[in-house]
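Below: the structure, in structure tokens.
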Amino acid sequence: MVQGPMEPSLRSQANTTEATIEVNVNVANFSTFERKKRTRTEKRIVELKATLEKTFEQSVMCNLYPRTVIQVDIHVLAQDGGLLAGMTNAMTLALIDAGIAMYDYVSSVSAGLHDQTPLLDLNSLEENDMSAITIGVVGKSEKLALLMLEDKMPLDQLESVLAIAIAGSHRIQDLMDTELRRQGNIRASKMTQS
Amino acid sequence: MILSPAERSYLYDSLIQKPTIRPDSRAEHQMRPLEAKTSFLPGSNGSARIRLMDGSECIVSVKAKVVVAAKEANLIECDVDVVGFRDNSNFVSNLKFNLTNLLQQNFPSDYLRLTSKYSFKLFIDCIVISHSSYPLTLISLTSYLALKTTKLPLLVSETNDEEIAELPTFSDDWDNAKPIADYFKGKGKEFQPPIFITLGYVGSNLIFDPSVEEEQVLENGLIVTFYNNKVITPIANMNLAVNSNNSNFKGLNQTAIIKSIQMGNKFGGAIIRALDALIEQDDDNDAIF
């Protein structure tokens, strides 16, 4: 859920030149197979939140909304791998839906390396077993807005993994674009009818 | 403060009329329109989402786990999470206590017993994504839907394990899973989880499900519990306008409590019937969007 751009609750939070993006990540207790209580201050969640904030500070045209806060609440209801990728894509779509100006899509996907074979979009079993990176690509370029590696990956293999991940992200961007246009057309037709 | 003194006075005067005049032209016993979806979470035994027309939204998931019954104090555990409030804040603790207390006291958890040793334990997690009025009714209606649509896997091992100590085994086929209601039918009982109804009291009128504007001018708020086609305890009163100094707030006349029980008995059944109809009409389309 995106709220804003709005007046910040504390004046000290306001940045006179650009908007502040504030992300709240809420991973539900029941999202994984085994129910587990999570707190908002868990290290991993704090890191995800900071990663998302940094990524989108670059992709949103923050200079258009000075002295405001854009607050994004993310609820993870079910997860089976690709947590960060899913959150990034959802946040891109939500920001676009909220009509906030962005330079381009940020599309994200995870990729792993099994022996010599790069694999795209791992589920949680695969994620536990092999090293995985999550990348976020800006638009159709090969620019990375986000790169997250939680374990190790051999440097000589990194390029092939990145290649498959970038290709995957471009595909996801196409899918997001089609869906957005479809939803947009539905709304436009509703407006003309009424 | 969401209303100016003039607006408060106008709203208060219209609410104390006989019959009451509500700003959205609802009748005194009418709830706000809502939209619901059930069984959409793939990893939960039961789930439901309710959205109200003012943008309030609540998601409830029910997850079951096999536990050793003797080691558990309660076979039901509830958790409430409200966006924008700390988990240990008064507001959230109150909601959580109300819901936990209600279900632990009025849910016949004997029916969750699998064998003499093992039992199901239900974890009910509620997330209130956004709310404007006091969200207790919203949470309890959503948990009603979630519990009603909860499916538990079919037990294939023996129910009597006094001699042989074995873990219960279940059918691998999820299509064989049975809703909780079926466990009750075998024992000749209808399964109907309890719900909360919030009522506002203003100038000897009682109004169902007050909206956020109405909450600001209420003289008192009542929370009534409805279970098995009648009003039961706990019946509580509270100031529904949280974080706002409600200047109209005053003590509760005892006739209001009697009237609230009468109204609850009269209209509570209709709410339950509406929710049941909603479950039946819900299509099997898994998407929640």
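Just so it is clear, the structure is predicted and the values come from calculations on it, not from any experiment. Residue numbering restarts at 1 for every chain, and letters A, B, ... go by the order of the sequence lines.
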More than 12 heavy atoms of other groups within 6.0 Å of [X] [atom1]:
{"X": "B:Asp172", "atom1": "CG", "value": "no"}
{"X": "A:Ile186", "atom1": "CD1", "value": "yes"}
{"X": "B:Asn90", "atom1": "CG", "value": "no"}
{"X": "A:Gln183", "atom1": "CD", "value": "yes"}
{"X": "B:Glu72", "atom1": "CD", "value": "yes"}

Heavy-atom pair of closest approach, residues B:Lys63 and A:Phe30: NZ-O, 3.1 Å
About how many Å separate [atom2] of [Y] and [atom1] of [X], when rounded to the nearest 0.5 Å?
{"X": "B:Asp79", "Y": "A:Asn29", "atom1": "CG", "atom2": "CG", "value": "5.0 Å"}
{"X": "B:Lys121", "Y": "A:Arg35", "atom1": "NZ", "atom2": "CZ", "value": "8.5 Å"}
{"X": "A:Asp73", "Y": "B:Ile127", "atom1": "CG", "atom2": "CD1", "value": "11.5 Å"}

Can you tell which part of B:Asp81 gets under 4.5 Å to a heavy atom of chain A, answering side chain, backbone, both or neither? side chain
